[in-house]
Amino acid sequence: MRRQYPFHLIEPKWQRAWDAQETFRAWNPGEAIPATHPFAQRHQLQGAEPADKLPPKFYVLDMFPYPSGAGLHVGHPEGYTATDILARYRRAQGYNVLHPMGWDAFGLPAEQYAIKTGQHPRKTTETNIATFKGQIKRLGFSYDWSREVDTTDPKYFRWTQWIFLKLYNSWLNPATNKAEPIETLVYPADAKTEEQKRAFRDGKRLAFVQEAPVWWCADLGTVLANEEVVDGKSEVGGFPVVRKPMRQWMLRITAYAERLIEGLDTIDWSDSLKEMQRNWIGRSEGAEVHFQISNSESQITVFTTRPDTLFGATYMVLSPEHKLVGKITSPEQRDAVAQYQKSVGGKSDLERTELSKDKTGVFTGAYAINPVNKEKIPIWIADYVLASYGTGAIMAVPAHDTRDFEFAEKFNLPVVQVVQPPAGKDWKGFTDDGTTVNSASSEISLNGLSTPEAKKKITAWLEEKGLGKKTINYKLRDWLFSRQRYWGEPFPIIWKNGQHEALPESSLPLLPPSLEDYKPTADGQPPLARAKDWVNLPDGSVRETNTMPQWAGSCWYYLRFLDAQNSSSFMGQAPESYWMQGKTPGVDLYIGGVEHAVLHLLYARFWHKVLFDLGLVTTSEPFYKLVNQGLILGEDGQKMSKSRGNVVNPDDIMSEYGADALRLYEMFMGPLEMVKPWNNKGVEGVYRFLGRVWRLFVDEASETDYEQAEAAQGQGNGELLAKIKLSAAIKDAPATPAQLKTLHACIKKVSGDLDHFHFNTAISALMVFVNEAITWETKPASVLREFLILLQPFAPHLAEELSEKLAIGYRPSAISPTLAYAPWPKFDPALLVEDTIEIPIQINGKLRDKIVVPSAATPAEIETIALASEKLKSFLEGKPIKKVIIVPKRLVNIVV
RNA sequence: GCGCGCGUGGUGAAAUGGCAGACACGCCAGACUUAGGAUCUGGUCCCGCAAGGGGUAGAGGUUCAAGUCCUCUCGCGCGCACCA
């Protein structure tokens, strides 16, 4: 396609101008703002101002990217453009806008590249960041680059390590339900020796060490968190994972389960996203019930959400890993049990779930006593009971639980009805609420009670008898926080005589050692273990050789942006309270992919709550409003991937159509949250629109001059832009009422749509304006200037260039260094009022005619005019009018 | 299986319960042109020459009025998935 306008000169020109001026620098309270800065001029600020003299804040954040070697794909600019448009819109409205960008740069690819080539991951990371930054800058986003952060920069991860120490040195006080410094811990009376106290203390820390079965991924050479394992495979790469007991650092996120659920009610996220988090946390209310084992001292405790069905418990099941299995198994069953345990243990979780259609299990030979009716019920082990959930043991009520029912059918175990379903439903396998039956002993009867009533009554009875208690269980597990990798934050921890100990804060940052070889050691030790000089300290203690997961750096980067250069603290109190307090507490708008719904967003909320408890931040939630942009598919409607060959490269699009066209297209495709396919023809469409905007403003003859000069001199001479003159149709003339109406309809629509993130319809409103304005013989400069302010958030380069030309032509004194701080126009409803309006007339809801009435017409007048309509005559003939409905200014409906 | 979301032209999509299809792509016709993958003008939901009729996955319902609200069915997408 022929070049519609010289974006190849315009875009670099304005990007350089913004850089030189630091146009988008956001100012903290107390920072000296140069008088020449457009922000100071717009708000008449005199240098350093306290928070209460600054305009209200607007913090708009992107999920910062992992700078991969592949560079940007078209999905990145989607969210980035949306936030940039809103940043520019709020800036024009007079907000102090914080819009930063940085790099989530620790991660596996750089490390794997290092293993292959020996190149230090630092080098790869720097190269990739440079690539990403170049591409992002080419899009003309209004980021404050003075706040750029890089999670792999020691000046940054120093504070990641520092926050880890805060976690390490804190515990959750159940009395206050808040994290407190570990010093406030009250030791139990039986912890007398320092050793006992230490064990107690280490068991309370929010960062603690656990020897536990973890997901080991041999291909990645590391363990993974539960959340990083999907369908029994690693989320990254899809490699097999196996359960393996290892010593690991854990973070006690489970202590915050309830608050992580409750906090969702205070923030503006989509219902589906909140639901995903709730599901992940997986709260369920129920009861723990203790079952005495027949002929034994031991008890089995189970968790159930249906204590009301206790009378229907006809057997019990332990998970194969349950610690009582060995103890209670009868001699006759010992071989069978051992064999079953072995076969299950050898299975990966993938195999376990894949084979789940068919239930398996083995009888232990032991019996338990049902506490409510004293019946002796057999104890089985089966892998459908998970070791990691609840108590790892269940009471089986086959009549009213699908899984138990399948198991009972297969192994011929008794099925006893205890819930009566509503009429017409079979009680076998009925799992919903009903009426309790067959549930009475000499001590208690639940018969006739509804399921919720029965739950309450039995739970109270169990508590009274000491046989159980009400319990809340969560699916959420503690966060496995260590990785056997090189390219991550080293733990500021040393081991002395087998005990861990924190390094002092003053020793941070703790840098990773340099290595020749980045592979884990042959005996499965993390790569850091290769650096003997680094690991072994003079006093005989050794350093922790695990590193933190990639999530660590992204858990708090939004806080570092508030005060990115601070070298004495992770961030200052004053910037924090200015940027995080406001009409919306926390980040005002956070946009990113839904793939972070349960990982990053849950982890970051958890850290934030700990920091809140410790008084280090002032809001209980980090991200007030969150929007997930929808995935962009390839032109074939399939997910973009190299193997399908349907990947669209933003660089190619920018070379051919310019950054403004790419920005505009990304937003014009459809609603931000929707999944939508790419269509190159669509890019051409918005590109043509930008061309029309260009031609609305410039003089054709002068453009021909420019084109000839460029053809003679070669491309790339920005000076030539000066040859292009403003169109002679643009005059410093008063606007006609019709022109003002067109403008103000556009102002209204664009403003309202931006308030609701309806970028696509806002752009269509801009198109409507241009389609109209291009027909005007005389184009008032004042109207066009207001239009450019509306266009600026979407296509900033073009808007700036045309604004400059307009200023040179008409108000040389008003040449602003940028349009970015020009006040957003206010629409005047009075200008939109029409003298007459056209309203439709319906008969029985069907459109029959349209009439033109004075807009001030009363309902009675409208009715008179409507009934006089010629067209209506044939439809009304012979039919009595029952009713006439008049909606003022909207429509008339005649019911006959 | 459970939960959530969505079904509107040839395509991407618009539409506080009040004129369905704004805006754009594509297509058709025309103008300007040596040329057109540029630009401009007009047309474009379906049936019908027209008058008119039909139409928002399907069936029912509420309403003067339903793409929009309610019930069921079907289809698609996403998430969770032996969580007791």
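By convention in this document, chain letters (A, B, ...) are assigned in the order of the sequence lines, proteins followed by strands, and residues within each chain are numbered from 1.
Between the P atom of B:G77 and the CD1 atom of A:Ile632 lies a distance of 20 Å, rounded to the nearest Å. Rounding to whole angstrom units, CG of residue A:Leu766 and P of B:A24 are separated by 12 Å. In this structure, A:Leu631 atom CG and B:C78 atom C1' are separated by 11 Å, rounded to whole Å. For the pair A:Trp678 CH2 and B:U11 P, the computed distance is 21 Å after rounding to whole Å. Distance, A:Ile763 CD1 to B:A22 P: 17 Å, rounded to whole Å. Across the protein-nucleic acid pair, A:Arg890 atom CZ and B:G18 atom P stand 7 Å apart, rounded to whole Å.
Relative ring orientation between A:Phe407 and A:Tyr384 is described as tilted, the plane-to-plane angle lying within the 30° to 60° band. Relative ring orientation between A:Tyr687 and A:Phe7 is described as perpendicular, the plane-to-plane angle rising above 60° on a 0-90° scale split at 30° and 60°.
Contact annotation: A:Gln4 side-chain N/O to B:U39 OP1/OP2 distance is under 4.0 Å. Not one side-chain nitrogen or oxygen of A:Asn473 sits closer than 4.0 Å to the OP1 or OP2 atom of B:A84. In this structure, A:Arg688 reaches the B:G26 phosphate: one of its side-chain N or O atoms is under 4.0 Å from OP1 or OP2. OP1 or OP2 of B:A84 has at least one side-chain nitrogen or oxygen of A:Tyr389 nearer than 4.0 Å. The side chain of A:Ser284 contributes an N or O atom lying less than 4.0 Å from OP1 or OP2 of B:A84.
A donor-acceptor contact under 3.5 Å is not formed by the side chain of A:Asn279 with the base of B:C80. Applying the 3.5 Å distance criterion, the base of B:C64 shares no donor-acceptor pair with the side chain of A:Lys882. Side chain A:Lys883 to base B:C64: no donor-acceptor pair is found below 3.5 Å.
Taken from CG in A:Asp401 to OG1 in A:Thr431, the straight-line distance is 7.5 Å, to the nearest 0.5 Å. Once rounded to the nearest 0.5 Å, the distance linking CH2 of A:Trp269 with CG of A:Asn628 reads 9.0 Å. From A:Gln708, atom CD reaches atom CD of A:Glu710 across 12.0 Å, with rounding to the nearest 0.5 Å. Rounded to the nearest 0.5 angstrom, A:Thr704 OG1 and A:Ile724 CD1 are separated by 9.5 Å. Remark: A:Leu798 CG to A:Leu664 CG distance equals 9.5 Å, nearest 0.5 Å.
Here the side chain of A:Asp383 is nearest to one of B:A24, B:A84, B:C82, namely B:C82. Considering only side-chain atoms of A:Ser272, the nucleotide from B:A65, B:A84, B:C4 that sits closest is B:C4. For A:Lys475, the listed nucleotide lying nearest its side chain is B:C80; candidates were B:C19, B:C80, B:C23. Distances from the side chain of A:Arg848 to the nucleotides B:G53, B:U39, B:C23 place B:G53 closest. Distance from the side chain of A:Glu275 is smallest for B:G3 among the nucleotides B:G3, B:A14, B:G79. Minimum atom distance to the side chain of A:Met767 is reached by B:C23, of the listed B:C64, B:C23, B:A84.
Residue contacts shown for A:Asn771 are limited to sugar-phosphate atoms, with no base heavy atom under 4.0 Å away. Among the protein residues, A:Phe689 comes within range of no part of the nucleic acid, since none of its heavy atoms lies under 4.0 Å from any strand. Nucleic acid contact for A:Arg692: sugar-phosphate only, since backbone atoms but no base atoms lie under 4.0 Å from a heavy atom of the residue. A:Val887 comes within 4.0 angstrom of a nucleotide base, judged by non-hydrogen atoms across all strands. Contacts of A:Lys681 with the nucleic acid, taken as non-hydrogen atoms under 4.0 Å apart, involve only primed sugar atoms and P, OP1 or OP2. Note on A:Asn760: only backbone sugar-phosphate atoms sit closer than 4.0 angstrom, heavy atoms only; bases stay farther off. Residue A:Gly390 is out of contact with every strand shown, counting any heavy-atom pair closer than 4.0 Å. A:Arg283 comes within 4.0 angstrom of no nucleic acid atom, judged by non-hydrogen atoms across all strands. Residue A:Thr402 is out of contact with every strand shown, counting any heavy-atom pair closer than 4.0 Å.
For the C1' atom pair drawn from B:U68 and B:C49, the interatomic distance equals 36 Å after rounding to whole Å. On the P atoms, B:A15 is 16 Å away from B:A24, given to the nearest whole Å. B:C46 sits 32 Å from B:G37 when the C1' atoms are compared, rounded to a whole Å. Comparing the P positions of B:U39 and B:A20 gives a spacing of 34 Å, expressed to the nearest Å. For the C1' atoms, the distance linking B:A22 with B:G67 amounts to 15 Å, nearest Å. The C1' atoms of B:C19 and B:G55 are separated by 15 Å, rounded to the nearest whole Å. Going from the C1' atom of B:U62 to that of B:G54 covers 24 Å, rounded to whole Å. Nucleotides B:U34 and B:G43 have their P atoms positioned 28 Å apart, rounded to a whole Å.
Residues A:Ile253 and A:Asp478 are in side-chain contact: their nearest non-hydrogen atoms beyond the backbone lie under 4.5 Å apart. Taking the side chain as every heavy atom from C-beta outward, A:Tyr474 and A:Trp280 never approach each other to under 4.5 Å. Residues A:Val289 and A:Val372 fail the side-chain proximity criterion, which asks for heavy atoms closer than 4.5 Å.
When each of A:Pro840 and A:Lys846 is assigned the nucleotide of RNA chain B with its nearest heavy atom, A:Pro840 is the one assigned upstream, toward the 5' end. Place A:Asn679 and A:Thr305 on RNA chain B by their nearest nucleotides, and A:Asn679 ends up nearer the 5' end.
Salt bridge annotation for A:Arg695-A:Glu700: absent, with no cationic side-chain nitrogen under 4.0 angstrom from a carboxylate oxygen.
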Legend entry - Bracket notation of RNA chain B in which parentheses pair within the strand, [ ] cross earlier pairs, and | pairs with another strand (Watson-Crick or G-U, under 3.5 Å): (((((((..(((.....[....)))((((((.......))))))(((....)))..(((((..]....))))))))))))....

